[in-house]
There are 2 protein chains.
Amino acid sequence: MANGQKATIRDVAKRAGVAVSTASRALSHGSASKATREKVFRAAGELNFVPNPAARQLMSGRSNIVAIAIPEHTDFIFRDMFVAGILGELSRAFSERRMLPFLALTELQDTESLERLLRDSSADGVVVLSFHYSRQLAQVFHDFDKPTVFIGRPFPRMRYPYVDVDNEGAAYCAAELLVERGRRNIGIIAGPDDMMAPKQRTMGCVNGLADQGMKPLAVISGEYTAEHGFEACERILEQYPEVDGVFAQSDQIAVGVLQALAKHGRQVPNDVSVIGFDDFPVATMTNPKLTTFAQPLHDMAQVIAEMLCWRLEHGEWNTVAQVLPASLIKRDSV
Amino acid sequence: MANGQKATIRDVAKRAGVAVSTASRALSHGSASKATREKVFRAAGELNFVPNPAARQLMSGRSNIVAIAIPEHTDFIFRDMFVAGILGELSRAFSERRMLPFLALTELQDTESLERLLRDSSADGVVVLSFHYSRQLAQVFHDFDKPTVFIGRPFPRMRYPYVDVDNEGAAYCAAELLVERGRRNIGIIAGPDDMMAPKQRTMGCVNGLADQGMKPLAVISGEYTAEHGFEACERILEQYPEVDGVFAQSDQIAVGVLQALAKHGRQVPNDVSVIGFDDFPVATMTNPKLTTFAQPLHDMAQVIAEMLCWRLEHGEWNTVAQVLPASLIKRDSV
DNA sequence: GTGAAAGCGCTAACAG
DNA sequence: CTGTTAGCGCTTTCAC
């Protein structure tokens, strides 16, 4: 390509027969006479001129880089479709706004690496996706001192802007749905108890049941895996054979639940209703197909990008929290 | 944090009572008298000095950014665990080497966006993960004109360094394994026929069978999904009821195969042997657990980072292609 | 409208 | 070993 070196704005100016400053103006805000502008643009085109981002950044103080920080355990990141999905959407949302998404994956405890990564990145802003918040982690973002948005509500003491799914609302709706279907003996199989979302989902479901004068048979926390779903469901079947409804807090969990129910000869949805959460591909592969809640990954990413870009543009937040509804996907398991 | 502005090297120099260049030297290569070095480091520490990457980049011509380009369909990226896995590993591998992984996800056909993203990123190098290569795509990387490594072998006419899994070898081994087990009527359920890896896997398996004087009953291509596995397997069962072995080119496909076999009353592994590919979590959740090939995601990422960093350091490649073995994970389906 | 000159923060070449 | 000077590529005063 380039015959040796890359063209600089000096080359463009020379070729167009104008001063460097004129070329710069013409290219940036177009503040130049029409004739000059044309000359400059032609020259730039011919030389295949691409402005050097480092120089720009040096002047403007902005890098247009946004760090997407995911301080979580490796396997978690790899296995969790939520992470993959939101990552893809975020990447697109920021790219569309001419921001460059930079990926900062670090082990949960390794705050040092995270700190270094953020510093080296010269990011203008940060999006944080983590389910385990700690003081040290909070400190890192505080020290980095750049506009930061959290995905999922951070623990109350961390006052950061965030975008979240309405976990509580969806779970409330799940409870209503089960009760409407005539279910009275409902078990909740929850996600990890050191994360925020499972707490919200459990609370929403418990509240939903309470408003109908009911209580869950049991709430069992564990990983977002089929194994957990299977084991928890078996425990419930043993202790509460009258169980006729299960709120599984992820589709993976629901898969395990369905397996356990099948193993014990319970028909879904005839004997027992099951509701999942996430609407990942697996939800259509189960038998029966899973009724579940779809997370608005796309919208979340858009809102996050919007928030952060506004903040970078205007120097202040226009929203400080935004909660998006999950949508009920009715299939055959309720 | 910072009381207003960020500290520059001038501030550090002033505070340490030395010239700017001295401070720079002390901080970079440490070429300064011990006393000076100490003074400078103390001052830097007190001022919380962080060198401005833009300025550095402007001098060195290097950004330390590596673009990870994934021009693929959105859903594919989200649903494919291979992509998520390798992405995570790559991110870590580069971060460890103080390179900044920048994510360039674009729709397959949208080469314009990809071009813009790459340009804006000022990346020093590129890692490309795509399964659908086109002339336009090739052109983009050619024009960008930065050291580039492909994940997976690009189509023959594109002469780029690449790192790949030994798909052919693994598939050959799969064939051997099935034959050893006494299987004689083997179906191959392949991945998409417009990708390279499925071709390699099919070829490997066919060769493996040929070397035992056998031929596959059928080769059926389709998506890397359980649906495809299910349908393809049903078709094989119908046409070739004598089928006693299936090489499924992904674990997802294998899931569908197992479902189909179960539906038709075939016992695995008594009546039919099934081998998968990927060793994703689902492989341990099937019944029976799946025998499959694990892809060396971690090693691939390390090798890629190594290759690219060497190239950036030394101006030339030290390897131009590297093929890593997949490892057989024996479980219960063969 | 345009050109000359200064400077963003840093490093490298050159004297001392 | 250290200070002075120049310059990376660009934008932005400030005169003209």
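Lettering follows sequence order; numbering is per chain, from 1. When reading the values below, keep in mind they use all heavy atoms of this one structure, side chains included, and skip hydrogens, waters and symmetry mates.
- Side-chain polar atoms of B/Q302 and B/R97 form a donor-acceptor pair below 3.5 angstrom.
- A salt bridge does not link A/R153 with A/D164: every distance from a Lys NZ or Arg NE/NH1/NH2 to an Asp or Glu carboxylate oxygen is 4.0 Å or more.
- Atoms NZ (A/K6) and P (D/dC8) sit 16 Å apart, rounded to a whole Å.
- As rounded to whole Å, 9 Å separates atom P of D/dG9 from atom CG of A/D11.
- Once rounded to the nearest 0.5 Å, the distance linking NE2 of A/H298 with CD of A/E89 reads 6.0 Å.
- At whole-Å resolution of the value, CZ in A/R37 and P in C/dG1 are 9 Å apart.
- Listed in residue order, the members of residues 22-35 of chain B having a heavy atom less than 4.0 Å from DNA chain D are B/T22, B/R25, B/A32, B/S33.
- For B/Y160, the ring pair (Phe, Tyr, Trp, His ring centres under 6.0 Å) partners are B/F150, not counting sequence neighbours.
- Comparing A/F49 and B/G17 by the nucleotide of DNA chain D whose heavy atom lies nearest to each, the residue mapping closer to the 5' end is B/G17.
- Between B/R10 atom CZ and C/dC8 atom C1' there is a gap of 10 Å when expressed in whole angstrom units.
- Although no hydrogens or angles enter the test, the distance criterion places no donor-acceptor pair under 3.5 Å between the side chain of B/W317 and the main chain of B/P147.
- Salt-bridge annotation for A/D124 and A/K146: absent, with no side-chain N of the basic residue lying under 4.0 Å from a carboxylate O of the acidic one.
- Distances were taken from every side-chain heavy atom of B/L58 (C-beta onward) to each of C/dC8, D/dG9, C/dT2; the shortest belongs to D/dG9.
- In summary, the side chains of A/T36 and A/S33 do present a donor paired with an acceptor at a separation below 3.5 Å, with no hydrogens or angles considered.
- Applying a 4.0 Å cut-off to non-hydrogen atoms, the residues of residues 59-67 of chain A that approach DNA chain D are A/M59, listed by residue number.
- Of the options A/P53, A/P51, A/S63, a side chain to side chain contact (heavy atoms under 4.5 Å, CB included) to B/S122 is made by A/P53 and by none of the others.
- One atom, CD1 of A/I9, and another, P of D/dC8, lie 14 Å apart when rounded to the nearest Å.
- Residue A/L47 contributes atom CG, which lies 15 Å from atom C1' of D/dG9 at whole-angstrom precision.
- Residue contacts shown for B/T8 are limited to sugar-phosphate atoms, with no base heavy atom under 4.0 Å away.
- In the set D/dC8, D/dG3, C/dC10, the nucleotide with an atom closest to the side chain of B/R56 is C/dC10.
- A straight line from NZ of B/K14 to P of C/dC10 spans 13 Å, rounded to a whole angstrom.
- Residue A/D120 contributes atom CG, which lies 14 Å from atom P of C/dC10 at whole-angstrom precision.
- Note on A/D11 versus A/R15: no salt bridge recorded, every NZ/NE/NH1/NH2 to OD/OE distance being 4.0 Å or above.
- At the heavy-atom level, A/V20 lies under 4.0 Å from base atoms of the strands shown.
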